[in-house]
Participant: 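Below is one structure. I have some questions about it.
Basis for what follows: all heavy atoms, side chains included, without hydrogens, waters or symmetry-related copies. Every chain is numbered from 1 and lettered A, B, ... according to where its sequence line falls, protein lines coming before strand lines. Remember, it's a predicted structure, so these values are computed and weren't measured experimentally.
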There are 2 protein chains.
Amino acid sequence: METVTDAALADTLREAGLKVTEPRVAVLSALTDIPHSDADTVFGAVLPSLPGTSLQAVYGVLAALTTAGLLRKIEPAGSSALYERRIGDNHHHIVCTECSAVRDVDCVVGHAPCLTPSDAGGFTVHTAEVNFWGVCPDCQSALNQKSAD
Amino acid sequence: METVTDAALADTLREAGLKVTEPRVAVLSALTDIPHSDADTVFGAVLPSLPGTSLQAVYGVLAALTTAGLLRKIEPAGSSALYERRIGDNHHHIVCTECSAVRDVDCVVGHAPCLTPSDAGGFTVHTAEVNFWGVCPDCQSALNQKSAD
DNA sequence: CAGTTGTTTTGAATAACTCAAGACAACTTG
DNA sequence: CAAGTTGTCTTGAGTTATTCAAAACAACTG
């Protein structure tokens, strides 16, 4: 089942004008399974299939794929850099303040007034980023349990 | 002129239930003059008036003041943590992608639909954060000049 | 299949930040 | 106004995420 996807991933890489290498396919595959992963998590995910890989290689691949537009890099305050394959739509993220879990949040379509600041102070605005902070369901349960004791 | 402000800053600290110390007053004063400064910049700003200060002391003061609610800590992707005194209003920031300069952006009052995500996926949303990315006037000029050559 | 270009490996270095223990100063109480 | 207590600052070292550089290596081109 991996192989099927791998061919598609290889095509994706080729279309982006990148050489197809094992580490790159592995990283893409890992991020397909576990989005919002940091470099170390990706490294851990690709290690079984690529025993000779190093963390630095993962950093290199992530940087290359991000530059090529295949990955999106997000850097929530307090966390290390996370990567995801979902690109092209400007969706947002919600981060759990308890466990740092990240989840995608769709932007309300055709309804993005925050993307145009009232006064940009002479800046030319290129992109807008929205991050939400809250508590994920799991941590809510945990907190409720604790307060119930 | 500093002394006048210092008394006010001391009061601010006292009102927040914090002990009034020279490093704290100096840090508050520095951030009044140069907002959106990182720890190192603050350190450089307070060093003349407090020759014996260390960077760690600044980190400690910044953390204490942030916890007390006197400072707001912002962590734009790619930059180190920045601090500002403007708190209480949830204004946003625009960061220059060229020089990392930061500027405040007022939120459109009573007009914050982005603060309520369409689907929070079970998360309890506490706060929303909006960051803009663009090019500051200075860097625009620099870029225009370059392309005109 | 050989060559070129670009990628990965290996090793080390950097920067931002944190932790811990003792010295010290600020507010409180008598 | 002096002494005590509490909390802050100083000093020093350590951690983590990330980046840099050079040599070994593999992928696409013709």
Participant: Starting from the 5' end of DNA chain C, give me the residue, B:Q56 or B:T21, whose nearest nucleotide shows up first.
Facilitator: B:Q56

Participant: Distance check needed: C:dA15 C1' versus B:E75 CD, whole Å only.
Facilitator: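 Distance, rounded to whole Å: 15 Å.
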
Participant: At less than 4.0 Å, is any side-chain N or O atom of A:R24 found next to OP1 or OP2 of D:dA27? Yes or no.
Facilitator: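 Checking A:R24 against D:dA27: no side-chain N or O falls below 4.0 Å of OP1 or OP2.
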
Participant: Starting at atom CG of B:L82, determine the distance to atom C1' of C:dC17, rounded to an integer number of angstrom.
Facilitator: 14 Å

Participant: Which one, C:dA16, C:dG6, D:dG7, comes nearest to the side chain of B:S80?
Facilitator: C:dA16

Participant: Report yes if the side chains of A:T127 and B:N131 come closer than 4.5 Å at any heavy-atom pair, otherwise no.
Facilitator: no

Participant: Would B:L82 and A:W133 show up in the same hydrophobic cluster when neighbours are defined by side-chain heavy atoms closer than 4.5 Å?
Facilitator: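 No, B:L82 does not connect to A:W133 through the hydrophobic network.
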
Participant: Quick one: B:D11 CG to C:dC27 P, roughly how many Å, whole number?
Facilitator: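 Whole-Å distance recorded here is 11 Å.
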
Participant: To the nearest Å, how far apart are B:I74 CD1 and C:dA16 P?
Facilitator: 16 Å

Participant: Quick check on DNA chain D: between A:V20 and A:A39, whose nearest nucleotide comes earlier from the 5' end?
Facilitator: A:A39

Participant: Are A:R86 and A:H36 packed together at the side-chain level, in the sense that at least one heavy-atom pair is separated by less than 4.5 angstrom?
Facilitator: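 No; the side chains remain at least 4.5 Å from each other.
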
Participant: Over how many whole Å does the gap from A:D40 atom CG to D:dT16 atom P extend?
Facilitator: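 Distance check: A:D40 CG to D:dT16 P gives 10 Å.
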
Participant: At under 4.0 Å between heavy atoms, what does A:A81 touch on the DNA or RNA strands: base, sugar-phosphate, or nothing?
Facilitator: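 Sugar-phosphate, backbone atoms only, no base.
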
Participant: Could you tell me the separation between the CD atom of A:E22 and the C1' atom of D:dA26, rounded to a whole number of Å?
Facilitator: 10 Å

Participant: Is it possible for you to say whether B:L55 and B:L31 belong to one hydrophobic cluster, with membership spreading through side-chain heavy-atom contacts below 4.5 Å?
Facilitator: yes

Participant: Relative to the 5' end of DNA chain C, which residue comes earlier, B:R14 or B:S79, by the nucleotide with the nearest heavy atom?
Facilitator: B:S79

Participant: Could you state the CG-C1' distance from A:L13 to D:dC28, rounded to the nearest angstrom?
Facilitator: 14 Å

Participant: When you look at A:H92 and A:E129, which way does the side chain to side chain donor-acceptor pair (under 3.5 Å) test go after all the steps?
Facilitator: CA-CA 7 Å; A:H92 306 311; A:E129 183 194 356; over 6 Å; no

Participant: It should be established whether A:Y59 places a side-chain nitrogen or oxygen under 4.0 Å from OP1 or OP2 of nucleotide D:dT19.
Facilitator: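 No, because none of the side-chain N or O atoms of A:Y59 sits under 4.0 Å from OP1 or OP2 of D:dT19.
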
Participant: Taking the side chain of B:K19 as its heavy atoms from C-beta onward, which of D:dT10, C:dT5, D:dT6 lies nearest to it?
Facilitator: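 Comparing D:dT10, C:dT5, D:dT6 against the side chain of B:K19, the answer is D:dT6.
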
Participant: Whole angstroms only, please: what is the CG-P distance between B:L55 and C:dC17?
Facilitator: 9 Å

